[in-house]
There are 2 protein chains.
Amino acid sequence: MMSDDKEKKRFGIKDIAKLADVSIGTVDRVLNNRKDVSEATRKKVKDIIKENNYQPNLYARSLSVKNNIKISVIIPKTSLQTGYWQLCLDGINKGIQELEPFGIQTEVFLYDQEDVHTFLEVSEKTIKSNFNAVVIAPIFIKETEAFVKKCHRKKLQTIYINSDIPTKSTLGYIGPNLNSTGRLAGNLTSYLVGTNAKILILNIAKGLENYKYLDTKIEGYRTYLNDLDRNFRIEVIDIPYNEYEEVEKELLSNIEKFTPDVLFVTNSRVSVVGRFFHDHQEIKKPYIIGFDFLEANVDYLSKGIVDFLICQRPDKQGYFALNYLYRFFLLKENVTNFKPMPIDIITIENYMFYEN
Amino acid sequence: MMSDDKEKKRFGIKDIAKLADVSIGTVDRVLNNRKDVSEATRKKVKDIIKENNYQPNLYARSLSVKNNIKISVIIPKTSLQTGYWQLCLDGINKGIQELEPFGIQTEVFLYDQEDVHTFLEVSEKTIKSNFNAVVIAPIFIKETEAFVKKCHRKKLQTIYINSDIPTKSTLGYIGPNLNSTGRLAGNLTSYLVGTNAKILILNIAKGLENYKYLDTKIEGYRTYLNDLDRNFRIEVIDIPYNEYEEVEKELLSNIEKFTPDVLFVTNSRVSVVGRFFHDHQEIKKPYIIGFDFLEANVDYLSKGIVDFLICQRPDKQGYFALNYLYRFFLLKENVTNFKPMPIDIITIENYMFYEN
DNA sequence: TGTCTTATCGTTAACGTTACCGAACATTGT
DNA sequence: ACAATGTTCGGTAACGTTAACGATAAGACA
């Protein structure tokens, strides 16, 4: 009934050829949808392929084909204050390492998110060299869209990560759904406090004009909480600085007037807020919710100062993008749409198991 | 500076041979640590390999070698009341599908977790056939240990998933850390209620004597909460039934006496509790925490009856196990230890993004 | 009819690695 | 001295697929 020890010879291109009474060359032409095959034999071969559920040997294919796939990755560079992009880069590097033995060459270009010129420079480099695909984390909307259009003309596959922009890439977008992450933060908040609670939303980022997308998170957060009808008092404060001292000053002056029960930091800069309440133990600590699995954030999570980190796996985004390109070019799969990224909740009791 | 369009020929076995002035046969002998090479040439070749950081082409290797890897998977079969094992099976099937084109044959054996005899049967089958490895989800401790010892004698690699047992497998254990999942549940509980809260722990399972491991979860849960010194009242109830009607009866009689603020279900059977509070809207619903991303559980999560699902990714366990074996046999990697499985928190606002 | 094109198909050399078969030479035993 | 055995190595077929190159035959055009 079972235990078929006979080395099950894989059903391959040769077997198809034998059954169809043609050469393997013809079978290959059918398999790869190339011309120079009559409709009659094409159908015959296709039928046999379907009947026997032929699965190509990916090893053999990748060995045979000259893998000159070159991928360009364009993302912002990590700054001291925002470790976020380092996570993203980590995932990309992991992907590069995995794909390298399979003949895929990847080059990473970092640009300064405070300097459009650097972005234009690296995008020009990508266009000039002959890459097959480019992974982009967009910051400068207009310039990115112009760049992507150029890529399309050069038959260069494009794929966005981290944030989506109107002009569509050829392969799609891999990244978080911002409104949902805001709603999730609202959901957690609803478990933390009762009616009439005071809630403070903090936007901490230098050059806030480039971070319009944060509004989407806030909107998700607010609508979720407002729908609860619990008469929350919600305030929003913008802090357009990166250095701790500046943030500290802003917080001190504001928290006097408005002592929140819950503090929601809309991005990964929650660690500076953590440091604030660590340094100012005289002030009653609210519940704190923030984003992303950065070392500094996890530090204050483990200290019990930050309560929840919502994480959209920035590392997975880059990794998935590369993995998708691998499947697109080598395995010739045609995944139509990406599954949305999971949104993870990290607390003091499960952070040590995160990132696998 | 960049854009090296010259097709970077991979540095391969031929190049080594040329540099060392030997044949590729000799290089192969060195690479695979086979005999019939003099110490002098062996060293010479090894040096060249190291100097040039030679990376074998995995595709070529797997094409050349006869991939007769056969894997046996032994897990409990899904019953109507416990969809848990279906998740596990789903992950395994995904792994099988991915590994199949690489020449790895996998056979799944399901046994009845209420009948030792069925386990003995499938384990016997595995021993009789010539598998290279076996993935086991243990339920019957003693019988599993005897089986694993037999496997070791037959040079059969073993690997546990889902629950660990004393007699070690050759390759380790992939599965949840039970104490930590209990602590995490306690952590969430601590955010939900204040001092003096009443907490009910529910063990729901037929044949509870086979589920000693649930105690570990409970211990983690209790110690976390007791350390908070909030004077919680914690009660534990065992319900050794699977059918809803029985559970309903037990719940009705108990909840009269002890109306909990939080209800912690120690396994994946939380959906029956969800149904209970759905059917009995006259009873005030406590916060409900349970386990696993089963369809029924998610259903009551989306209805707002179940508040938190803690999920240990049962599907990933099987998938990881197969993936590990692939790397062990084909890529000849020797991963020493598994990373622990992540523990995920699922709420009404992020369940739709789960499982990627 | 002869030449030229086109459509269709077979043949074959790669791709990088593995493992088997012997060749060449050295060593041992008688 | 000769055969038998052992050591070290080169040569090569095979793994399944791809794609370039030819071969053949049929039709088009003069």
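So that the names make sense, note that chain A is the first sequence line, chain B the second, and so on, each numbered from 1.
Using a cut-off of 4.0 Å between Lys/Arg side-chain N and Asp/Glu carboxylate O, R313(B) and D344(B) are scored as salt-bridged. Using a 4.0 Å cut-off between charged nitrogen and carboxylate oxygen, K46(B) and E39(B) do not count as a salt-bridge pair.
The phosphate of dT17(D) has OP1 or OP2 within less than 4.0 Å of a side-chain N or O from Y54(A). Taking 4.0 angstrom as the limit, S38(B) places none of its side-chain polar atoms (N or O) nearer than this to OP1 or OP2 of dT7(D). The side chain of R34(B) places an N or O atom within less than 4.0 Å of a non-bridging phosphate oxygen (OP1 or OP2) of dA19(C). Note on S23(B): a side-chain N or O is less than 4.0 Å away from OP1 or OP2 of dG10(D). Here N57(A) does not reach the OP1 or OP2 of dC15(D): none of its side-chain N or O atoms lies under 4.0 Å away. An OP1 or OP2 oxygen of dC9(C) is reached within less than 4.0 angstrom by a side-chain nitrogen or oxygen of T41(A).
Going from atom OH of Y59(B) over to atom P of dT18(C) covers 16 Å, rounded to whole Å.
Summary of the strand contacts: L31(B) and A60(A) both lie near DNA chain C, and taking for each the nucleotide with the nearest heavy atom, the more 5' one is attributed to A60(A).
Residues satisfying the ring pair (Phe, Tyr, Trp, His ring centres under 6.0 Å) criterion with F119(A), sequence neighbours excluded, are Y111(A).
For Y84(A) and N162(A), the side-chain atoms include at least one donor-acceptor pair closer than 3.5 Å. In this structure, a donor-acceptor pair under 3.5 Å is absent between the side chains of S123(B) and T126(B).
Among the protein residues, G12(A) comes within range of the sugar-phosphate backbone only, with heavy atoms under 4.0 Å from sugar or phosphate atoms but none that close to a base.
In the set dC9(C), dT17(C), dA19(D), the nucleotide with an atom closest to the side chain of N32(A) is dA19(D).
The terminal axes of the helix from dT1(C)-dA30(D) to dT30(C)-dA1(D), fitted over 5 pairs per end, subtend an angle of 60° to the nearest 10°.
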